[in-house]
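Presented below is the structure to which this report refers.
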Amino acid sequence: MKRMQTFSLADLKPLLDGFDEQMANHFITQNLAVARHMKVSLLKSTLTSGPMLMPEMRIIVLKEGHTDPVVNMVQRHYVAGDLMFIAGRSIVQFDSLPEQVMGLGLSMTDELFGLAVGNHIPKAFDGHLRDFCVHLDDEQLQLIDELHRLIYVTTTLPEPSLPTTLHLIGALLWNVNHLWQRQEAELRTVASREQQLLAEFLQLVSNHAHEQHTIDYYAGRLCLTPRYMGTIVKRVSGHTAKHWIDEALVTRCKAELLHTTKQVVQVSEEMNFPNPSFFSKFFKRMTGVTPAQYRKDNGVVQPPL
């Protein structure tokens, strides 16, 4: 059985050192790697050689192009403007790499990460996430790029200051954590709003299913397109909007058949069916029996014509 390839900072250093400095703009040691304008095509043969175990954590900002790696067994799709975090000891596989992919990167060992953040670990990096992605707007990208540039500058000074570099790395990590937390909060807000929309939809269905059978009516009341409303209802409840409308309608029909002496034709009219035949077919589809048989099975005497 072929052993999985490891792609560590120690493996990365000789590869990048083999390129002209202007092509990679990098600084790399056994604990830290900073690449300013990394053309991923420079590492294409290595990155596309099969699944790789990456021992150190990595933060990558894609500035040009797109890529579709498998990260920790999950297919991902990254585009320009995406900031990717990949935790240490992750498994990454690139089946292919477009030539125009370019970005900046920061990678470090757990030891250096601990020195940069101290005892207060940002939640995004506390170990509960194997990877995540945040899409940056122009202002966020500019800030991340400037912090990354300063890290690169301090590491390449004739007499570099380790505390300065660590504080800058910490600042970048905390900024990424802020962006991730804001994204999570926005996602929770969206989820909360969708729950609210579902509740409003179900209330409308409860009140109007006996007279309004179409998705268009409820979407209009909620000021949504039918397709968007249907997507939300399905995602949040696990059932289609039509399912909820039909369930509310058949429940009301059952009540009318069991607890009133109305003729089936009258129930059909009051429930806004086009004709008794259509009503009977709907009821049988939902219950397995006709309205008349439903009454008989439940001991209700069919009212005289």
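Here, residue 1 is the first one in the sequence, and each next residue gets the next number.
Considering only residues two or more places apart in sequence or on other chains, Q195 meets the side-chain hydrogen bond (donor to acceptor under 3.5 Å, both in side chains) condition with none of them. Partners of E247 according to the side-chain hydrogen bond (donor to acceptor under 3.5 Å, both in side chains) rule, which considers only residues two or more places apart in sequence or in another chain, do not exist here. Residues meeting the side-chain hydrogen bond (donor to acceptor under 3.5 Å, both in side chains) test with R252, sequence neighbours left out: H210. In this structure, Q142 has no side-chain hydrogen bond (donor to acceptor under 3.5 Å, both in side chains) partners at least two apart in sequence or on a different chain. Remark: N207 engages Q203 in a side-chain contact (heavy atoms from CB on, under 4.5 Å) (not counting sequence neighbours).
Under the 4.5 Å side-chain heavy-atom criterion for Ile, Leu, Val, Met, Phe, Trp and Tyr, F283 and V205 are members of distinct hydrophobic clusters.
M52 has its side chain out of reach of Q93: every pair of non-hydrogen atoms, C-beta onward, lies at least 4.5 Å apart. Taking the side chain as every heavy atom from C-beta outward, T109 and M57 never approach each other to under 4.5 Å. Using a 4.5 Å heavy-atom cutoff, the side chains of K242 and I215 are in contact. Residues V250 and F282 meet the side-chain proximity criterion, which asks for heavy atoms closer than 4.5 Å. Residues E56 and S8 form a side-chain contact, since some pair of their non-hydrogen atoms from C-beta on lies under 4.5 Å apart. The shortest distance between side-chain heavy atoms of L197 and L224 falls below 4.5 Å. No side-chain heavy atom of L104 sits less than 4.5 Å from a side-chain heavy atom of H37.
By the neighbour-count criterion of 12 heavy atoms within 6.0 Å, atom CD of Q75 is densely surrounded, having more than that number from other residues, nucleotides or ligands. Counting heavy atoms of neighbouring residues, nucleotides and ligands inside a 6.0 Å radius, atom CD of Q30 does not exceed 12 of them. Shown here is K284, whose NZ atom has no more than 12 heavy atoms of other residues, nucleotides or ligands within 6.0 Å.
The aromatic rings of F132 and W180 lie tilted to each other, with the angle between the two planes from 30° to 60°. Taking the six-membered ring where tryptophan is involved, the planes of F273 and F278 are tilted, since the angle between them lies from 30° to 60°. Note on ring orientation: taking the six-membered ring where Trp is involved, the planes of H77 and H66 are tilted (angle from 30° to 60°).
Here the two rings, on Y152 and F27, have centers that are 6.0 Å apart or farther. Note: Y217 and H208 meet the aromatic proximity criterion, with ring centroids under 6.0 Å apart.
Each salt bridge (Lys or Arg N to Asp or Glu O under 4.0 Å) pair with one or both residues in residues 114-132, not counting sequence neighbours, appears once here: R76-D131. Residue pairs meeting the salt bridge (Lys or Arg N to Asp or Glu O under 4.0 Å) criterion with at least one partner in residues 144-155, sequence neighbours excluded, are R36-D145, K63-D145, E146-R149. Sorted by first and then second residue, the salt bridge (Lys or Arg N to Asp or Glu O under 4.0 Å) pairs involving residues 209-222 (not counting sequence neighbours) form an empty list.
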*side-chain contact (heavy atoms from CB on, under 4.5 Å) between V61 and L141, intermediate numbers included*: CA-CA 8 Å; V61 177; L141 179 58; 3.6 Å; yes

*asked:* Between H213 and L249, does the side-chain contact (heavy atoms from CB on, under 4.5 Å) criterion hold? Intermediate values first, please.
replied: CA-CA 8 Å; H213 308 169; L249 178 57; 3.8 Å; yes

*asked:* For a side-chain contact (heavy atoms from CB on, under 4.5 Å) check, start with the C-alpha distance between T29 and L9, then their side-chain angles and the critical distance, and finish with the verdict.
replied: CA-CA 7 Å; T29 67; L9 295 184; 6.0 Å; no

*Criterion side-chain contact (heavy atoms from CB on, under 4.5 Å) on R285 and D246, from CA distance to verdict*: CA-CA 10 Å; R285 174 172 64 82; D246 287 350; 3.5 Å; yes

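We find the CD1-OG1 distance between I151 and T155 to be 8.5 Å, quoted to the nearest 0.5 Å. The structure places CG of L106 at 5.5 Å from NE2 of H148, a figure rounded to the nearest 0.5 Å. Atoms OG1 and OH, on T67 and Y78 in that order, are 9.0 Å from each other to the nearest 0.5 Å. A distance of 11.0 Å separates CD in E269 from CZ in F279, rounded to the nearest 0.5 Å. To the nearest 0.5 Å, atom CE of residue M54 and atom OG1 of residue T6 are 10.5 Å apart. To the nearest 0.5 Å, atoms CD1 (I28) and OG (S107) are separated by 7.5 Å.
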Using residues 183-193 as the side-chain source, report each donor-acceptor pair under 3.5 Å to any protein atom, sequence neighbours left out, with the distance given to one decimal.
from: Q183; atom 1: NE2; to: C133; atom 2: O; distance (Å): 3.1
from: T189; atom 1: OG1; to: A185; atom 2: O; distance (Å): 2.9

Just distance, no hydrogens or angles: give the donor-acceptor pairs under 3.5 Å from side chains in residues 160-174, sequence neighbours left out.
from: S161; atom 1: OG; to: T164; atom 2: N; distance (Å): 3.4
from: S161; atom 1: OG; to: T164; atom 2: OG1; distance (Å): 3.0
from: T165; atom 1: OG1; to: T154; atom 2: OG1; distance (Å): 3.1
from: T165; atom 1: OG1; to: S161; atom 2: O; distance (Å): 3.2

Just list the side-chain donor-acceptor pairs under 3.5 Å for residues 110-122, sequence neighbours left out, or say none.
from: D110; atom 1: OD2; to: R89; atom 2: NH1; distance (Å): 3.3
from: D110; atom 1: OD2; to: R89; atom 2: NH2; distance (Å): 3.1

Donor-acceptor pairs under 3.5 Å, side chain of residues 228-237 to any protein atom, not counting sequence neighbours: which ones?
from: T231; atom 1: OG1; to: R227; atom 2: O; distance (Å): 2.9
from: K234; atom 1: NZ; to: G238; atom 2: O; distance (Å): 3.4
from: R235; atom 1: NE; to: E194; atom 2: OE1; distance (Å): 3.3
from: R235; atom 1: NH2; to: E194; atom 2: OE2; distance (Å): 2.4
from: S237; atom 1: OG; to: V233; atom 2: O; distance (Å): 2.5
from: S237; atom 1: OG; to: H239; atom 2: N; distance (Å): 3.1
from: S237; atom 1: OG; to: H239; atom 2: O; distance (Å): 3.0
from: S237; atom 1: OG; to: W244; atom 2: NE1; distance (Å): 3.1

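Taking every heavy atom of both residues into account, N298 and Y294 meet most closely at ND2-O, 2.8 Å. In this structure, S280 and P291 approach most closely via the heavy-atom pair OG-CD, 3.6 Å. Residues L129 and A87 come closest through the heavy atom pair O-CB, 3.8 Å. F125 and V176 get closest at one heavy-atom pair: CZ-CG1, 3.7 Å.
A donor-acceptor contact closer than 3.5 angstrom is absent between the side chains of N272 and E270.
Between the side chain of R58 and the main chain of I86, no donor-acceptor pair closer than 3.5 Å is present. Formation of a donor-acceptor pair under 3.5 Å by the D82 side chain with backbone atoms of L62 is not found in this model. Under the 3.5 Å distance criterion, the side-chain polar atoms of Y218 are matched with a main-chain donor or acceptor of Q212.
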